Amino acid sequence: MDNSQLEQNNEFVRGELLYTIFTNDVEHFSIAKVKIIETNINYDEKEMIVKGYFSQLQEGTVYHFTGQLERHPKYGQQYNVSSYQTFIPDTKEGLIAYLSSDLFYGIGKKTAKRVVDHLGELAVSKILNDPSVLDSISGLKKENATTIVKTLQENQGFEQVVVYLSNYHIGLKMAQKIYAAYKDEAISKLQEDPYQFVFEIEGFGFRTADDIARKNGISLSSPNRIGAGCIYILQKSVQDGHVFLPFEQCIQEIGDLLTASGEALTDIQIQNTIEELNTEKKIILYKGNVYLPSLYYAEDGLASSINRLITDQIEEKTTLADLMKIIGKIEEEEVLSYGKEQFSAIEQALKSKLMILTGGPGTGKTTVIKGIIKAYAEVHKVSINPIDYEQKNDFPFVLTAPTGRAAKRLTESTGIPAMTIHRLLGWNGADGFDKDEQEPLTGKFLIIDEFSMVDIWLANSLFKAIPTDMQVLIVGDEDQLPSVGPGQVLSDLLENHTIPKVSLHEVYRQKEGSKIIQLAHSIKNNSCSTDLLVNDKDFSFINCKEHQVVEVITQIFQKAVNKGLDPKDIQVLAPMYRSQAGITNINKSLQELINPQTKGKREVQANDVVYRIGDKVIQLVNQPEDQVFNGDIGEVVAIFRENENTENVEQLVVSFDEKEVVYERKDYTNLMHAYCISIHKSQGSEFPIVILPVVSSYHRMLRKNLLYTAITRGKKSLIICGEKQAFLRGIETLDTNKRNTTLKGLLEERLNDFNPTNENTQEEYEISPYDFM
Ligand SMILES: Nc1ncnc2c1ncn2[C@@H]1O[C@H](COP(=O)(O)OP(=O)(O)OP(=O)(O)O)[C@@H](O)[C@H]1O
């Protein structure tokens, strides 16, 4: 593209790069200051801040940027760059200055002049078209010629990809990914077969591929297009929690997608492509269902691991009579008497290779876990104190949970160290987990809490790493929200009749007069009515409308603070981010109240969010290298300016329980304010006081399992504010989005032949030793 063409293109800013303010080498995100040479946008200043994903910015070089002028609340106007190109001067002098700039290492003015004299104003495009034009320049050293060609190719290559993709509204970040994968072949590959990118580049959308194909005259009935459409449809279904799509439905959805944006396809064409993809192992077609391979292998792997574990017999170490004595002794120590179901759970867990313990809040799951640990220790004559073991690996109990907070609670309630599943398995990011069948976990008894949150991928990885001689106890509440990731592992396992399970129904905390627990169980049993929503010592319902929610919550906080309560003990949970009564607005208002700007208090701004020292924040993604995981809540404890650390970058330090994590600007998007968090993110956590807004404008989200999850997060006090009718309607609305999974069937197939000698399901325990006590 020559310079006159550049200018025809919409709005632009052409400027000389003065200096880079910030740059991130991994993502190539940079913020820089430029001196404006020319622009057609309405902007009066002489200099401008530009930001975007650049390959390499060079001081003194002139760039042609396109993008959008934005007003940053703190830093004022900034140009958000969507595409850019080095501005190659079209005068001889300009070109000489460019080729002898710092960008071209070792090329001085004399050499640059020699090249320009020989090749003229179009030197750059001539070299790029045919690098051998430099061979004919007398006196030009070979290494200088190589430098010129390489530098031009590197810079221009990336920029050409950027410009090409910007025509399809693809940003610089995706351009980086594509360029990193294909280098100079990127554009030709995109033009030949854009659909391939849907398979090969994470996040490359089918619609973009379609757009590129159409502009390049690629047939809209090409098998590659159907294949990419199939992957797109399957990926979309994973976002809804499905593990597979039925063949017919898959054909139908692909047909709808491709016909709507292209030309009509016959079912046979689509069917043939799916079969072809299956042969190439890009998808798995099995028993009339279509899977993404990773999901098919995860379900299959989990079913095999469970089969492996459950068919391994365990040696009976004690008689029933002795076990009764042991449990009796534990009851004395704990000063309680186990209920019938609880007793059955302890007994069953001790003799089962794998058992599932379920129950709603306050039914004594934790009490039973403690009982099981103590009884196991007694039966096997082992200590439950980790310090009694010389080797860490000899400690028989392994306790784990999907989130940091759930693991922490498990540690606190049992006194035995627990850790997240990711940490237990040694997650190292891209390479996956350290622990697997080759390097299994050590220990004798594994307890996995909050299992409803575990998706099929994680369940498969965890079970693969469980050695065959390890006993496993799965604990969870099937009425909670299903996992964020695909699958419904807990409920599929519960439906299997061979895996021993014990459900606790009797509520113990209710006996202490908890309205929260009463409410939870009435939701579970579909018996909640307006009468239950009257205020009590641990519960209140404040009537208000959507537009009042933020104000009401702020007032509750204000009163709590005035009363001397610690704001950290209060957690607002809401179902959605963007609404008048959404998480974003609630957070803004609570930050102003709890942690306002004061003189001398440091703060940083990322997009339109301000983080200050003292802010409560939540981690939004897994960051295993720092041992901080999605859903962990922390506090901003320090902010360092660039000149205050050896890395010379701005840093935000967040304290999560005992560890501190340092974030650089590129990582700020991993955080969010946490005065209010989503109900989904609150899974596995508990808070002393929960405030739950429920208004009819959330209607899309108001479901029984969502509200059940929210109210069971409150330990001491629950305040619902909003509309009673919206709440009552919500708890009557079932989540009808049934997830497609095949784990249940796979387990039936695998475990069918298994005839346990000492395993029993709870139903078979009609007569238990407890009856004779
Ligand atoms: N058999 C029992 N006798 C007396 N109290 C009991 C018994 N079982 C449990 N409790 C008490 O009931 C309360 C709730 O028990 P626990 O915390 O074990 O339940 P949970 O199912 O783990 O609850 P949550 O899921 O809400 O954490 C505790 O105070 C516990 O001491």
Side-chain angles (χ1 to χ4, degrees), residues 324 326-349 355-375 399-403 405-416 418 447-454 473-481 490 494 501-525 538-539 571 573 679 682-690 692 705 707-718 768-770 773:
M324 283 168 68
I326 289 170
I327 296 178
K329 203 174 125 209
I330 299 170
E331 284 178 322
E332 270 174 38
E333 283 166 16
E334 297 287 316
V335 201
L336 51 71
S337 167
Y338 292 117
K340 185 175 170 180
E341 294 167 333
Q342 294 181 328
F343 186 96
S344 174
I346 299 176
E347 189 210 348
Q348 182 74 41
M355 190 191 98
I356 309 173
L357 174 67
T358 64
T363 51
K365 294 184 297 296
T366 314
T367 308
V368 167
I369 292 175
K370 280 197 281 188
I372 291 170
I373 293 171
K374 280 192 155 188
L399 272 57
T400 190
T403 68
R405 289 177 78 82
K408 188 167 174 242
R409 261 192 314 122
L410 193 56
T411 307
E412 283 163 2
S413 57
T414 59
I416 292 180
I447 298 174
I448 317 158
D449 201 4
E450 297 288 353
F451 199 73
S452 59
M453 296 179 70
V454 178
L473 175 68
I474 290 172
V475 186
D477 178 355
E478 74 258 41
D479 291 305
Q480 301 275 348
L481 287 167
L490 178 61
L494 282 169
K501 58 186 103 38
V502 176
S503 279
L504 305 178
H505 299 96
E506 195 172 340
V507 181
Y508 287 86
R509 203 177 292 126
Q510 199 175 10
K511 291 183 180 149
E512 298 158 16
S514 162
K515 182 67 167 282
I516 302 174
I517 302 288
Q518 211 184 336
L519 199 57
H521 285 271
S522 74
I523 293 175
K524 206 173 162 107
N525 307 325
D538 65 344
F539 172 75
Q571 186 60 56
L573 305 177
I679 298 171
S682 75
Q683 274 179 281
S685 300
E686 284 180 346
F687 312 95
I689 303 166
V690 162
L692 173 67
N705 56 1
L707 291 171
Y708 176 82
T709 301
I711 68 163
T712 53
R713 302 306 93 209
K715 216 56 196 165
K716 287 194 188 136
S717 193
L718 169 70
S768 90
Y770 187 81
M773 287 168 77

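All figures in this text were calculated on a predicted structure; none of them were measured in a lab. Start at 1 and go down the list; that is how both ligands and their atoms are numbered.
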Using a 4.0 Å cutoff against the non-hydrogen atoms of Lys365, which atoms of ligand 1 qualify?
18 (O), 19 (O), 20 (P), 21 (O), 22 (O), 25 (O)

Element-labelled atoms of ligand 1 that are located less than 4.0 Å from some non-hydrogen atom of Glu686
26 (O), 27 (O)

Between ligand 1 and Gly364, is the shortest N or O to N or O distance under 3.5 Å?
yes

Please determine if Tyr338 has a nitrogen or oxygen closer than 3.5 Å to a nitrogen or oxygen of ligand 1.
no

Within-cut-off N or O pair, Gly362 and ligand 1, under 3.5 Å
yes

Where the closest heavy atom to atom 16 (P) of ligand 1 is concerned, which of Leu357, Val335, Thr367, Ile517 has it?
Thr367

Report, in ascending order of atom number, the atoms of ligand 1 lying under 4.0 Å from any heavy atom of Lys715.
26 (O), 27 (O)

Would you indicate whether the side-chain heavy atoms of Val454 and Leu490 approach each other to under 4.5 Å?
no

Applying side chain to side chain contact (heavy atoms under 4.5 Å, CB included) to Gln480 and not counting sequence neighbours gives Ser452, Asp477, Tyr708, Thr709, Thr712, Arg713

Shortest non-hydrogen contact from Gln342 toward Ser337:
OE1-O, 4.5 Å

Donor on one side chain, acceptor on other, Ser503 and Thr358, under 3.5 Å:
yes

How would you list, by chain and number, every residue that makes a side chain to side chain contact (heavy atoms under 4.5 Å, CB included) with Lys329, sequence neighbours excluded?
Glu333, Glu378

Do the charged groups of Glu686 and Arg405 touch, with an N to O distance under 4.0 Å?
no

Of the side chain and backbone of Leu336, name the one, both, or neither that has a heavy atom under 4.0 Å from an atom of ligand 1.
side chain

Within 4.0 Å of some non-hydrogen atom of Gly360, the atoms of ligand 1 are 21 (O)

Please determine if Lys524 and Asp479 form a salt bridge, counting it only when a charged side-chain N lies under 4.0 Å from a carboxylate O.
yes

Output the list of atoms in ligand 1 that are nearer than 4.0 Å to some heavy atom of Ser337, sorted by atom number.
1 (N), 2 (C), 3 (N)

Distance-only N or O hit between ligand 1 and Arg409, under 3.5 Å:
no

